[in-house]
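Positions are given from 1 along the sequence. Every value quoted in this text rests on a predicted model; they were computed, and no experiment measured them.
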Amino acid sequence: MPRSVNHVASRAKRRRILKLTRGYYGARKNVWTVAKNTWEKGLTYAFRDRRNKKRNFRALWIQRINAAARLEGMSYSRLMGALHAAGIEINRKVLADLAVNHPEAFKAIVAKVK
């Protein structure tokens with residue numbers, strides 16, 4: 001008796017993954033085993049970098065706040081300490097946005113805590 005294999009399902013699975021690897025370089029786009037490994041590795045990177053993205057943005061906000069604070073004659077750490085002491089609860093994302101897009105509002109906040 002011949003072996004029964006579900007070629008329809010296995011071919012569909014391969015076609016689905018090869019479709020996802022379209023645009024990759026060389027054998028990564030059309031050789032099944034290479035494409036599958038590349039696609040799986042990509043999922044790992046995506047999972048990792050969704051967490052790293054949060055770190056990167058926080059670091060960017062801190063750099064922007066520090067640069068704007070130094071124009072006002074304060075360091076980042078002194079500014080953040082003064083904000084907490086004054087009871088002004090404003091997060092780094094909003095503070096960085098003010099520093100870049102609304103410098104006069106940022107100056108007003110710095111003047112308030114000085």
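Note that CD1 of Ile109 and CD1 of Ile90 are 4.0 Å apart. Values are rounded to the nearest 0.5 Å. Rounding to the nearest 0.5 Å gives a distance of 12.5 Å between CG of Leu60 and CZ of Arg58. Between the OH atom of Tyr45 and the CG atom of Leu43 there is a distance of 12.0 Å, given to the nearest 0.5 Å. Atom OG1 in Thr33 sits 8.0 Å away from atom NZ in Lys36 (nearest 0.5 Å).
Although no hydrogens or angles enter the test, the distance criterion places a donor-acceptor pair under 3.5 Å between the side chain of Lys114 and the main chain of Glu72. Proximity of a side-chain donor or acceptor of Asn66 to a complementary backbone N or O of Ile62 within less than 3.5 Å is not detected.
The shortest non-hydrogen separation linking Ser75 to Arg70 is CB-NH2, 3.9 Å. Scanning all heavy atoms of the two residues, the minimum distance from Leu18 to Lys29 falls at CD2-O, 3.6 Å. Contact record, Ala96 with Arg64: CB-CB, 4.2 Å, taken as the closest heavy-atom pair. Residues Met74 and Ala82 approach most closely at CE-CB, 4.2 Å, considering heavy atoms. When all heavy atoms are compared, the tightest approach of Leu98 to Ala105 is CD2-CB, 4.0 Å.
Val100 and Leu95 fall into different hydrophobic clusters, defined by Ile, Leu, Val, Met, Phe, Trp and Tyr side-chain heavy atoms under 4.5 Å apart, directly or through other members. Note on Val8: it does not cluster hydrophobically with Val5, by side-chain heavy-atom contacts below 4.5 Å among ILVMFWY residues. Cluster membership for Leu71 and Val110, using ILVMFWY side-chain heavy atoms within less than 4.5 angstrom, is not shared. Hydrophobic clustering of Ile, Leu, Val, Met, Phe, Trp and Tyr side chains at less than 4.5 Å, counting indirect connections, keeps Trp61 apart from Val94.
Side chains of Leu79 and Phe106 form a contact here, defined as non-hydrogen atoms less than 4.5 Å apart. Contact annotation: the side chain of Val34 never approaches that of Thr21 to less than 4.5 Å [non-hydrogen atoms, C-beta and beyond]. In this structure, the side chains of Ile17 and Trp32 come closer than 4.5 Å at one or more pairs of heavy atoms.
Heavy-atom neighbours of Arg48 CZ from other residues, nucleotides or ligands within 6.0 Å: above the threshold of 12. By the 6.0 Å contact criterion, CZ on Arg11 is open, its count of non-hydrogen atoms from other residues, nucleotides or ligands being 12 or less. At most 12 non-hydrogen atoms from other residues, nucleotides or ligands lie less than 6.0 angstrom from CZ of Arg78. Heavy atoms of other residues, nucleotides or ligands lying less than 6.0 angstrom from CD of Glu89 number 12 at most.
For the pair Arg50 and Phe47, the cation does not sit on the ring face, since its NZ or CZ is not both under 6.0 Å from the ring centre and inside 45° of the axis.
Sorted by first and then second residue, the side chain to side chain donor-acceptor pair (under 3.5 Å) pairs involving residues 91-103 (not counting sequence neighbours) are Tyr76-Arg92, Asp97-Asn101.
Scanning for side chain to side chain donor-acceptor pair (under 3.5 Å) contacts around Arg55 gives Asn52, with sequence neighbours left out.
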